[in-house]
Structure formats: structure tokens, C-alpha cells
There are 2 protein chains.
Amino acid sequence: MATTTPNASRTARDRARRELTEEIKRVARRHLAEHGSAALSLRAVAREVGMVSSAVYRYFPSRDDLLTALIIDAYDAVGERAEAAESASRDRGADARWLSVCEAVRAWALANPHEYALIFGSPVPGYAAPEATIGPASRVPLVLLRLLGDGVASGEFVAGKTPAMSRTTRSDFAQLRRTAAPAVPDAVLSRGLSVWAQLLGGINLEMFGHLHNVIRDYDAFFTLQMRRACEFLTQGV
Amino acid sequence: MATTTPNASRTARDRARRELTEEIKRVARRHLAEHGSAALSLRAVAREVGMVSSAVYRYFPSRDDLLTALIIDAYDAVGERAEAAESASRDRGADARWLSVCEAVRAWALANPHEYALIFGSPVPGYAAPEATIGPASRVPLVLLRLLGDGVASGEFVAGKTPAMSRTTRSDFAQLRRTAAPAVPDAVLSRGLSVWAQLLGGINLEMFGHLHNVIRDYDAFFTLQMRRACEFLTQGV
DNA sequence: ATCGAGGGAGAGCACTGCTCTCGATTCACC
DNA sequence: GGTGAATCGAGAGCAGTGCTCTCCCTCGAT
């Protein structure tokens with residue numbers, strides 16, 4: 001049984017498979033970036049890769065699976081940017097680091113609108129996020145939660161008054177604390193989620209055209225909003 | 001010229017046209033609600049209405065135009081709910097009224113997830129919002145801006161310190177003030193947009209599954225977040 | 001009464017996702 | 001080495017899509 005694939009990753013077949021899988025993904029990613037997710041055609045990708053459509057099904061069992069692979073890549077891409085922004089600003093204050101992660105997320109979104117829409121816009125219809133996405137999907141939130149912990153530890157993030165909350169919510173926060181943000185009080189956790197929502201909400205408003213004819217200088221507006229949000233986050237003011 | 005259609009809305013033909021247009025939209029809306037926007041098939045709608053697909057093109061020049069009609073309806077639906085919530089809470093404080101509008105928006109979103117995704121999720125690919133949508137799309141924001149004005153007038157919303165902002169942003173705010181929110185200072189306008197972003201961001205997080213395994217009691221969490229947001233909005237704290 | 005516009009039906013085009021079958025190649029084991 | 005099984009590409013085909021074009025009937029303004 002174990003001997004049926006003794007050195008699976010070394011055979012020429014396996015290498016070819018790996019490379020072709022990557023090639024398909026690369027072309028698909030380009031199609032996605034250029035025309036959006038709904039226009040992503042398995043046949044068109046196949047044509048460009050130089051195979052017939054049915055052959056692609058040897059690599060991805062369905063169009064949705066191909067899309068899932070791209071979703072994972074997209075999550076990993078933002079995650080990487082966020083992590084890079086975090087470590088690049090390691091010598092600055094916790095609020096500045098949080099801000100820099102937010103800016104990084106927005107920058108990535110602006111540079112990859114369709115990928116952003118794929119993961120933070122409406123999910124493609126009838127598509128339920130499979131298990132495999134939750135890891136990559138948590139990378140950005142984990143960075144922010146870690147920063148929350150840092151800020152609390154350094155005394156930069158003050159709890160302020162704790163808002164009244166239900167038992168369930170309190171226990172949700174407790175579990176979140178246990179999982180990813182030790183010692184972060186409920187009040188800070190709550191404000192952190194607020195700012196996270198505001199970040200994505202703000203990017204959505206901007207990218208999906210809801211600020212058209214309202215805001216002209218998106219960069220300045222975003223920075224203004226996020227500066228204020230970080231003030232609120234750290235001080236509760 | 002004017003005599004070519006002397007009583008256009010009275011002829012049987014015209015009535016039939018109006019009714020059929022509505023019937024198509026009704027069926028399409030149901031399909032949208034049940035299977036999502038990408039699964040909205042003009043042919044399937046036609047079948048159910050009892051015509052052949054080509055006949056539908058007499059009423060809607062393309063699938064996108066049918067979708068646009070549904071988008072307008074969706075905007076009008078949330079707009080109506082928001083307006084109703086606003087006038088139902090007319091005797092309460094400005095913050096409570098703002099909160100009640102937010103709750104109304106979320107309630108509508110939960111009841112009509114696909115419609116919500118259609119207007120506040122990622123726009124359907126290759127689809128640019130046509131002029132006709134901007135009126136209905138502004139109904140909710142206008143309600144909130146009006147409440148901002150009320151709150152400022154009654155002294156419930158205090159400006160607090162005005163954050164530093166660029167000239168462009170200042171002039172964007174000035175125009176917004178001129179258009180829809182007279183006498184609302186920049187600081188309050190800015191916080192209003194923050195909370196608007198947070199509202200939509202929060203609903204998105206919830207509806208698109210980003211809080212899965214994090215939050216269990218969505219209702220309680222939303223209320224907590226929005227209460228806090230409204231506090232921030234009114235007091236700047 | 002007439003004649004043109006409106007509107008439904010049908011065929012057809014180019015495309016999609018996906019399945020199945022059929023050879024050819026490649027790999028693992030003896 | 002040779003051999004049998006797994007792998008994989010190609011092709012045909014099915015059911016569905018959006019959209020166009022042509023045909024023809026019916027309604028209504030003149």
C-alpha cells in the first residue's frame with residue numbers, strides 16, 4: 001500500500017502534473033484578473049494552456065475547484081502583504097503598525113480588484129467556502145489580532161469602559177482570546193472587530209463605486225478614515 | 001409627433017406591456033432570491049413566464065438590463081425600509097434613530113441575501129452601474145445624512161475635534177454638506193461615513209461567512225457593534 | 001379598410017460546464 | 001526487461017446559456 005507510490009514527487013509524471021497544475025492556475029489567475037470571476041471560462045483557460053477542455057478536468061474536478069484554488073491564492077496574497085507590512089513596521093507604535101497593515105490590505109485590493117472581489121465581495125453563487133480556505137483566510141485577521149495583543153501588552157491600547165454585551169458574545173470573545181489574542185480585553189477586541197469591519201466596508205464602498213460623486217481623493221479619504229479609526233481603536237475615543 | 005402616442009398608457013397594448021414587464025421582473029426576482037444573480041437565466045425566466053426566450057428581449061434588451069431593473073428594485077426596497085425605520089422612530093433621539101435605520105438595513109439584508117449581495121457585494125463582472133441606479137442607491141445614505149443633520153441641529157451630535165484632512169477631502173465634505181447635509185460639520189460627516197462603512201462592512205462579514213467560527217450570536221454582536229458605533233458617532237468617543 | 005408598428009415563435013450561432021469513451025503513454029512491480 | 005495498471009490527452013457529445021434574425025400574426029392609429 002505504502003509502496004504503491006514510493007517516491008511520488010520525483011517521477012516525471014508527477015513533476016509534469018505539478019507544473020501543469022501551476023500553469024493552469026497561472027493562466028486562470030490572469031483571466032480572473034482581466035475579466036473577473038464570472039467570466040472565468042475553463043475552456044478558455046484550456047485553450048490558452050494548449051489543451052482540450054476535458055483534459056483540464058484531470059487537474060481540477062470542476063470550475064468551482066479551480067476557483068477555490070484561486071481564492072486560496074488570493075487569501076495568501078493579501079495575507080503575505082499584511083504580514084510583510086506588519087514586520088516592516090516592527091519598530092513603530094502598535095497603532096502605526098495596525099494602520100500600515102490596513103494600508104497594505106487596501107493597496108493589494110486596488111492592485112487586484114477582481115481577486116479582492118472574489119474573497120471580500122459577495123461569494124460566487126451556490127459556492128460554499130471549503131475547509132481549505134479557512135487557513136489562508138485567517139492570515140490577515142491573525143496579523144491584526146497579534147497586533148492587538150502587542151498593543152495591549154505595551155499599554156498602547158487601553159481598554160476604556162467595557163460595553164454591555166450578551167453572555168454569548170462574551171464567550172465568543174473569550175474563545176477568540178484563547179485562540180489568537182491572549183490578554184486582549186473584550187473592549188479592545190470589540191473595537192478591533194469594528195475597525196476590521198470598517199476597513200473592509202470602506203474598501204468595498206470605494207471599489208464597488210458607492211462613493212462615486214461623493215469622494216474624489218480616495219487615498220486621502222481612506223487615510224483620514226483609518227487614522228481616526230486607529231485612534232478610536234487604541235484610545236476608545 | 002406628439003400625436004403618435006396620444007394616450008399611450010391607456011391602450012390595451014401598453015397595459016399588456018406594462019403587466020408583462022412586471023411579471024417578468026417578478027419571476028426574475030424570485031429566481032434571483034432563490035438561486036442568486038449568476039444563476040439568473042433569461043431563458044429560465046422566459047420559460048416560467050410562458051414565453052420563448054427571444055420574446056423577453058422585447059421587454060429587456062439584455063440580461064444585464066433585467067439585472068439592472070432588479071438592482072434598482074433592491075435599492076428601492078432597502079431604501080423604503082430605511083425610510084420607514086426613520087419615520088417610525090421619529091420621536092426618539094437622533095442616535096436611536098440612526099441605530100434603528102442600521103438595524104433595518106441589516107434586517108433587510110438578512111431577509112434578502114442575494115439582493116443584498118447584488119447591490120452591496122461585488123458588482124457583477126463587466127457591469128457598470130448605469131445612471132438610473134444612482135437615485136435609488138442614494139435613498140439609504142440620504143436618510144442617514146438627514147439624521148446627521150437632525151442630530152447636529154438638536155445638539156445631540158457634537159463635533160469634537162476635527163481631524164486633519166486634505167483640501168480635496170475638505171471640499172468633498174463641503175459638497176456633501178451642500179447637497180444633503182447642511183450644517184453638519186466635517187468631523188461629524190467623517191464619523192458618519194465611518195459608521196456607514198462599518199455597517200456595510202459588518203453585514204458583509206456576517207453574510208459572506210467571514211465571522212464563521214468566530215461569532216455565534218450575530219444579532220447580539222451586531223447590536224453591540226452598532227451601539228458602540230453610534231456612541232462614537234454622536235460623541236466622537 | 002389599410003398599413004405599419006408591436007410582439008411572439010422558432011431556428012440558429014457561438015459559447016459554456018461537464019461526461020464518457022478511446023487510444024497512447026508512463027510508471028511500478030516482477 | 002517485460003507487463004499490467006494507472007494516468008492522461010483528445011474528441012465527441014449533451015444540456016444549457018445569451019443573443020440575433022427572420023417570419024408572421026395581431027392590434028391600433030389613421
Compare the minimum distances between each of dA28(C), dC19(D), dA9(C) and the side chain of Ser62(B), then state the nucleotide with the smallest one.
dC19(D)
May I have the step-by-step check of salt bridge (Lys or Arg N to Asp or Glu O under 4.0 Å) for Arg30(A) and Glu48(A), ending in yes or no?
CA-CA 11 Å; Arg30(A) 240 204 29 248; Glu48(A) 190 168 322; 2.7 Å; yes
Closest non-hydrogen atoms of Phe221(B) and Thr169(A), given as atom of the first, atom of the second and distance, are N-OG1, 4.0 Å
Could you state the atom-to-atom distance from CZ of Arg63(A) to P of dG16(D) in whole Å?
18 Å
Here the distance between atom P of dG7(C) and atom CZ of Arg18(B), to the nearest Å, is 12 Å
For dT16(C), does OP1 or OP2 lie under 4.0 Å from any side-chain N or O of Ser41(A)?
yes
How many whole angstroms separate atom CZ of Arg13(A) from atom C1' of dC27(C)?
6 Å
Atom CZ of Arg15(B) to atom P of dG6(C): distance rounded to whole Å?
18 Å
For dG18(D), does the base pair up with any side-chain atom of Arg43(B) as donor and acceptor (N or O, under 3.5 Å, distance only)?
yes
Length of the NE2-C1' vector between His35(A) and dC15(C), whole Å
15 Å
hbond_proxy Arg58(B) side chain to dG8(C) base (donor-acceptor, 3.5 Å cutoff)
yes
Glu48(A) has an atom CD; how far is it from atom P of dC15(C), in whole Å?
15 Å
For atom CG of Leu42(A) and atom C1' of dT17(D), their distance in whole Å:
16 Å
From CD1 of Ile24(A) over to C1' of dG9(D), roughly how many Å is that when rounded to an integer?
12 Å
Closest nucleotide among dA29(D), dT16(C), dG8(C) to the Met51(B) side chain:
dG8(C)
Side-chain N,O (Arg17(A)) to OP1/OP2 (dT25(C)) below 4.0 Å
no
Could you go through the side chain to side chain contact (heavy atoms under 4.5 Å, CB included) check for Thr21(A) and Arg17(A) one step at a time?
CA-CA 6 Å; Thr21(A) 306; Arg17(A) 181 177 184 82; 4.1 Å; yes
N/O donor-acceptor pair, side chain Ser54(A) with base dG11(D), under 3.5 angstrom:
yes
Would you classify Leu40(B) as touching base, sugar-phosphate or nothing, given that sugar-phosphate means primed atoms plus P, OP1 and OP2, and contacts are heavy atoms under 4.0 Å?
sugar-phosphate
With a non-hydrogen cut-off below 4.0 angstrom, is Phe60(B) in contact with a base, only sugar-phosphate, or nothing?
nothing
Are a donor atom and an acceptor atom from the side chains of Thr168(B) and Ser171(B) found within less than 3.5 Å of each other?
no
Base, sugar-phosphate, or nothing for Tyr57(A), non-hydrogen atoms under 4.0 angstrom?
base
5′-ward residue of the pair Ala12(A)/Ser53(A) relative to DNA chain C
Ser53(A)
Hey, would you say the Tyr116(B) and Phe120(B) ring centroids sit under 6.0 Å apart?
yes
